Amino acid sequence: MIGKNERRIQAVHMARNFKQIFAGWRSPVSLWRRLFLTDDEARLRVAAERVLADLRDFCFAHPNNRRLLFSQDPLVMARRLGRREVFDRIITYLNLDEAEVQKLMEIDDGN
């Protein structure tokens with residue numbers, strides 16, 4: 001069993017490693033672009049396409065799910081709109097062209 005001090009030491013090492021990975025990345029935009037785009041920033045990574053396809057459905061951004069965005073319950077609708085806003089923010093940060101966005105909307109996330 002790991003003691004309290006050992007867990008703390010592991011957490012400190014993990015935090016330092018995490019900070020080192022993201023060192024030099026100043027803005028959230030550069031972080032999102034680094035995570036989702038290839039090194040030359042020309043296209044989405046394959047894993048990013050799958051993640052965004054899953055988020056697209058979860059965030060009600062898929063063209064077939066837009067009607068599900070609305071609800072009689074204002075709290076449900078607010079939650080759904082909040083999800084959608086997060087997805088739109090990520091897409092905006094990635095600065096994808098129209099063809100890439102259209103391709104993303106058609107990707108099957110495997111579910």
Side-chain angles (χ1 to χ4, degrees):
M1 180 161 214
I2 297 176
K4 217 176 193 182
N5 284 336
E6 291 173 348
R7 271 191 250 138
R8 183 183 173 284
I9 291 169
Q10 285 179 343
V12 168
H13 285 279
M14 191 180 308
R16 286 181 182 159
N17 288 337
F18 187 80
K19 285 180 183 178
Q20 188 176 29
I21 288 171
F22 294 106
W25 296 353
R26 300 285 183 241
S27 71
V29 175
S30 63
L31 288 170
W32 286 108
R33 293 182 67 78
R34 176 79 172 170
L35 289 172
F36 284 95
L37 299 177
T38 56
D39 291 337
D40 61 358
E41 295 193 358
R43 63 187 192 292
L44 287 169
R45 297 176 190 275
V46 173
E49 289 179 351
R50 292 183 181 143
V51 168
L52 289 171
D54 179 59
L55 281 174
R56 172 201 63 208
D57 295 338
F58 179 75
C59 297
F60 302 93
H62 194 282
N64 296 336
N65 288 350
R66 288 188 186 187
R67 63 181 172 78
L68 298 175
L69 206 69
F70 300 98
S71 172
Q72 295 293 339
D73 184 342
L75 294 177
V76 170
M77 189 166 163
R79 185 182 74 239
R80 291 176 181 176
L81 288 171
R83 287 181 184 179
R84 176 60 193 261
E85 187 176 356
V86 169
F87 182 81
D88 290 342
R89 181 177 178 144
I90 293 169
I91 295 301
T92 300
Y93 280 171
L94 296 178
N95 196 26
L96 301 174
D97 64 13
E98 194 63 35
E100 282 289 322
V101 174
Q102 184 61 36
K103 180 182 170 189
L104 176 63
M105 292 303 183
E106 296 169 357
I107 292 174
D108 182 11
D109 67 351
N111 288 331

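Just so it is clear, the values below take in all heavy atoms, side chains as well, and ignore hydrogens, waters and symmetry mates. Note that the structure is predicted; figures quoted are calculated from it, not measured.
For the pair L44/L37, a side-chain contact is recorded, criterion being any heavy-atom separation below 4.5 Å from C-beta on. Side-chain contact between D54 and R50 is absent, with no heavy-atom pair separated by less than 4.5 Å.
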Can you give each donor-acceptor pair under 3.5 Å made by side-chain atoms of residues 89-96, sequence neighbours left out, with the distance rounded to 0.1 Å?
residue : atom : partner : partner atom : Å
R89     : NE   : Y93     : OH           : 2.9
R89     : NH2  : Y93     : OH           : 2.6
T92     : OG1  : D88     : O            : 2.8

What donor-acceptor contacts under 3.5 angstrom involve side-chain atoms of residues 72-82, with partners at least two apart or in another chain?
residue : atom : partner : partner atom : Å
D73     : OD1  : L75     : N            : 3.0
R80     : NH1  : L68     : O            : 2.4
R80     : NH1  : F70     : O            : 3.4

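Applying the ring-ring contact (aromatic ring centres under 6.0 Å, His included) test to F87 and every residue at least two apart in sequence or in another chain returns nothing.
Environment of CD in E85: sparse, with no more than 12 heavy atoms of neighbouring residues, nucleotides or ligands closer than 6.0 Å.
Within the 3.5 Å criterion, the main-chain N or O of F60 finds no donor-acceptor partner in the side chain of R83.
Between D39 and R45 there is a salt bridge, since at least one side-chain N of the basic residue sits less than 4.0 Å from a carboxylate O of the acidic one.
In this structure, R34 CZ and L31 CG are separated by 10.0 Å, a value rounded to the nearest 0.5 Å.
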